[in-house]
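A quick write-up on the structure given underneath.
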Amino acid sequence: MLANLHAHTARCRHATGTDREYVEAALAAGYRAIGFSDHCPWPWDPAEMPPGYRSNVRMDAAETGGYFASLLALREEYAGRIDIRIGFEAEYLPHRVAAQDELFSRFPLDYLILGQHSFGDEWLRDWSSIPTTDESRLARYVDTCVEGLSTGRFLYLAHPDILRYEGPESVWEKHMGRLCDFLRERDLPVEVNLLGLATGRHYPSRRMLRLAAARGNWATIGVDAHSPDRYAEAPALEARARALCEEAGLPLREPPVPALSRAQPRT
Ligand SMILES: [Zn+2]
Ligand SMILES: [Zn+2]
């Protein structure tokens, strides 16, 4: 792949490395375009949060300016060698969208990807990756992804198979088939997530790739880098991902690199 739009920074508190190290590692691995899509800040009202709560999965809203300043400077410095896009990976949480848009409107944001890691605010700890046999949870996950993507605010869906459903295969197929059909109609890719592949997570699953192939979808690759060395490993992991897609009969294409935002940074 020449492009990757799924990567994090140390600001999310569970990734490592400097912003520059990510750019250098991507260049060395042969990438021509990369996007930073760190876990999005939410401008929470402290009164709603558990006392003393501090996220360990995302930056604070106050760090947003530093994120853009650093990446805008790297974009300039590396111009002509590698294209840099600035985005976030965000859950679709309808009750938080307006406040988040207000925050983002101050920055030249190029794109969002949807990563539905949880239902509701994170301190509820209602994670999508908790194993479940509850069909209503699976249905709700698919409904939320479809509703979120329908708003047009997201460029693509990260790790579509993050909801860990362990009930009957026919039930899984009924709902995930709806998701695949929706993605196909919108010409959105099914992400094959290299972090999941590298760390043996339940995604990307063979059943997802097979179902997507049967529904006529196409796939792309997300490195989901949480450390710069994931870029060094990406070519080898990509070869594994490619083999899985070929086995499933799923076509693989480059991710949809967005145009640069025309918004100017405001303070
Ligand atoms: Zn992460
Ligand atoms: Zn994610």
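Order of listing sets the numbers, starting from 1, for every ligand and every atom in it. Remember, it's a predicted structure, so these values are computed and weren't measured experimentally.
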**OP:** Could you pull out the N/O/S protein atoms under 2.8 Å of the Zn ion (ligand 1), ignoring any water?
**Re:**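 Within the sphere that stays under 2.8 Å of the Zn ion (ligand 1), the protein atoms of type N, O or S are H14 NE2, H39 NE2, H226 NE2.
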Check for me whether the distance between the ring centres of [X] and [Y] falls short of 6.0 Å.
| X | Y | answer |
| --- | --- | --- |
| Y53 | W123 | yes |
| F88 | Y67 | yes |
| H6 | H226 | no |

**OP:** Check side-chain hydrogen bond (donor to acceptor under 3.5 Å, both in side chains) between E48 and all other residues, then give those that pass, not counting sequence neighbours.
**Re:**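 In terms of side-chain hydrogen bond (donor to acceptor under 3.5 Å, both in side chains), with neighbours along the sequence ignored, E48 is linked to R96.
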Original post:
Is any N, O or S atom of H6 under 2.8 Å away from the Zn ion (ligand 2)?
Top reply: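 Checking H6: none of its N, O or S atoms is under 2.8 Å.
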Original post:
About how large, to 10 degrees, is the angle NE2 of H117, then the Zn ion (ligand 2), then NE2 of H159?
Top reply: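 Once rounded, the angle between the two atoms at the Zn ion (ligand 2) is 100°.
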Subject >> Shortest non-hydrogen contact between S37 and L5, atoms and distance >> reply: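 In this case the closest contact between S37 and L5 is OG-O, 3.1 Å.
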Original post:
Of all heavy-atom pairs between G196 and N193, which one has the smallest distance, and what is that distance?
Top reply: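 That closest heavy-atom pairing would be N-OD1, 2.9 Å.
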Original post:
Any side-chain heavy atom of L149 within less than 4.5 Å of one from L114?
Top reply: yes
